[in-house]
Amino acid sequence: MRVLVVEDEQLLADAVATGLRREAMAVDVVYDGAAALERIGVNDYDVVVLDRDLPLVHGDDVCRKIVELGMPTRVLMLTASGDVSDRVEGLEIGADDYLPKPFAFSELTARVRALGRRTSLPLPPVLERAGIKLDPNRREVFRDGKEVQLAPKEFAVLEVLMRSEGAVVSAEQLLEKAWDENTDPFTNVVRVTVMTLRRKLGEPPVIVTVPGSGYRI
């Protein structure tokens, strides 16, 4: 899942991004509304965590632009105000969900995951294919009933491949979904991660390399 965090309190923005990355999400961070508009014009995001009171371009205007463009991106709006009228106004602008500050990080994560599921075709909460069972909410993976311990990026790559339901996923698509924009597009990180993932999942191999195209399960 790819997420954009837009928050002018830099310490909070960076803390949220770090926490979401530990949950195997690819996260970009910006600190004002103008930068947010620039990012959504270039990258495809599943969820935007959007502070309402932003400098340069107000969060309301960023949300309106996402709606105007007809993007499938879901918006979780943050605000220091917990007034019902503010929440209603944010939802009427086009936000999909609303979270007042301060918030528990566990709730933020749950809301981001719930919104991310809405951007994709409906799939069961637990993904199963080729003897692999992946639970995105519990962060658990099993191969033929035996638990497999994966690093966050390995989990993210496996989740993308599982969600593709047998379709080929290119290295570029894996970079876009599992890593953030600071990753060098010419890096071999995808190949290395897939190799490690294959080893951890064991024999027989379930991740197939399609020469010149990508990977599939």
Side-chain angles (χ1 to χ4, degrees), residues 1-126 135-139 152 156 159 163 176-178 180-181:
M1 183 189 304
R2 190 161 187 181
V3 179
L4 176 64
V5 175
V6 190
E7 167 61 64
D8 63 323
E9 296 181 39
Q10 294 193 19
L11 288 177
L12 175 59
D14 293 343
V16 167
T18 298
L20 293 178
R21 286 174 184 139
R22 287 173 180 163
E23 296 294 319
M25 300 181 197
V27 185
D28 298 331
V29 185
V30 295
Y31 308 111
D32 63 71
L37 290 176
E38 179 182 335
R39 292 297 192 284
I40 63 176
V42 174
N43 301 318
D44 293 327
Y45 294 102
D46 298 296
V47 179
V48 174
V49 179
L50 179 67
D51 182 46
R52 191 169 186 187
D53 299 313
L54 292 171
L56 301 184
V57 178
H58 197 275
D60 289 358
D61 295 321
V62 175
C63 185
R64 289 190 184 99
K65 188 64 175 179
I66 291 173
V67 174
E68 176 187 319
L69 292 173
M71 303 172 69
T73 303
R74 302 297 179 175
V75 177
L76 172 59
M77 190 170 279
L78 306 178
T79 182
S81 173
D83 291 345
V84 173
S85 59
D86 284 342
R87 293 199 296 270
V88 170
E89 186 176 359
L91 293 170
E92 288 180 342
I93 289 168
D96 297 279
D97 200 357
Y98 209 98
L99 189 60
K101 302 176 186 176
F103 50 80
F105 182 74
S106 58
E107 181 179 7
L108 173 72
T109 302
R111 289 176 182 266
V112 169
R113 286 200 176 281
L115 290 176
R117 288 194 292 270
R118 297 187 199 172
T119 65
S120 307
L121 293 174
L123 288 172
V126 176
D135 188 330
N137 295 317
R138 294 180 177 273
R139 317 287 306 137
E159 183 175 359
R163 289 187 180 279
E176 180 179 325
K177 290 294 185 181
D180 59 39
E181 64 183 1

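This one's a predicted model, so the numbers in the text were calculated from it and none came from an experiment. Computation of the quantities below employed the complete heavy-atom set of this structure, encompassing side-chain atoms and omitting hydrogens, waters and symmetry-equivalent molecules.
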Q: What are the two closest non-hydrogen atoms of R139 and A24, and how far apart are they?
A: NH2-CB, 2.8 Å
Q: Does atom CG (L69) have a neighbourhood of more than 12 heavy atoms from anything else shown, all under 6.0 Å?
A: yes
Q: Could you grab the distance from atom CZ of R111 to atom OG of S106, nearest 0.5 Å is fine?
A: 10.5 Å
Q: Return yes when atom CZ of R64 has more than 12 non-hydrogen atoms of other residues, nucleotides or ligands closer than 6.0 Å, and no otherwise.
A: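 It does: R64 CZ has more than 12 such atoms within range.
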Q: Specify the closest pair of heavy atoms between A95 and M77, including all atoms of both residues, with the distance to one decimal.
A: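 Taking A95 first and M77 second, the nearest heavy atoms are CB-CB, 4.0 Å.
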Q: Would a 4.5 Å heavy-atom cut-off, applied to side chains only, mark V49 and L108 as touching?
A: yes
Q: If you take all heavy atoms of V62 and A36, which pair is closest and at what distance?
A: CG1-CB, 4.2 Å
Q: Which pair of non-hydrogen atoms, one from T73 and one from I66, has the smallest distance, and what is that distance?
A: O-CG2, 4.1 Å
Q: Tell me whether R74 is salt-bridged to D46, with the criterion being a basic N under 4.0 Å from an acidic carboxylate O.
A: no
Q: Hey, are the side chains of V29 and E7 touching, using non-hydrogen atoms and a 4.5 Å cut-off?
A: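 No, side chains not in contact.
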Q: List the atom of A156, the atom of A178, and the distance in Å for their closest heavy-atom pair.
A: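 Shortest heavy-atom separation between A156 and A178 comes out as CB-CB, 3.9 Å.
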Q: Mind checking the CG-CG spacing from L50 to L78? Nearest 0.5 Å is all I need.
A: 7.5 Å
Q: Is any side-chain heavy atom of N43 closer than 4.5 Å to a side-chain heavy atom of R2?
A: yes
Q: Rounded to the nearest 0.5 Å, how far does CZ of R21 lie from CG of D14?
A: 8.0 Å
Q: Quick one: are V75 and Y98 in side-chain contact, heavy atoms under 4.5 Å?
A: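 Side-chain contact under 4.5 Å: no.
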Q: Is a side-chain N or O of T79 found less than 3.5 angstrom from the main chain of R52, in a donor-acceptor match?
A: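 Pair absent, no side-chain N/O of T79 close to backbone of R52.
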Q: Check whether any side-chain heavy atom of H58 lies under 4.5 Å from a side-chain heavy atom of D53, and answer yes or no.
A: yes
Q: Have D51 and Y31 got a donor and an acceptor in their side chains that come within less than 3.5 Å?
A: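 No, no side-chain donor-acceptor pair sits under 3.5 Å.
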Q: Taking all non-hydrogen atoms of both residues into account, name the closest pair between V67 and G94 and its distance.
A: CG2-CA, 3.8 Å
Q: Mind running side chain to side chain contact (heavy atoms under 4.5 Å, CB included) on T109 and L20 for me, showing each step along the way?
A: CA-CA 7 Å; T109 302; L20 293 178; 4.1 Å; yes
Q: Mind checking whether V112 and M1 have side chains closer than 4.5 Å, heavy atoms only?
A: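 The answer is yes; the side chains approach within 4.5 Å.
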Q: Got a second to check how far K177's NZ is from Y45's OH, nearest 0.5 Å?
A: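 Answer for the NZ-OH pair, K177 versus Y45, is 11.0 Å.
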Q: Please examine the side chains of D32 and D8, heavy atoms only from C-beta on, and report whether any two atoms are closer than 4.5 Å.
A: no
Q: Let me confirm one number: the CG-CD distance from L99 to E107, rounded to the nearest 0.5 Å.
A: 5.0 Å
Q: Would you say K65 and V57 make side-chain contact, with heavy atoms under 4.5 Å?
A: no
Q: For L4, does its backbone N or O pair with a side-chain atom of D28 as donor and acceptor, under 3.5 Å?
A: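 The answer is no, because no donor-acceptor pair under 3.5 Å joins these two groups.
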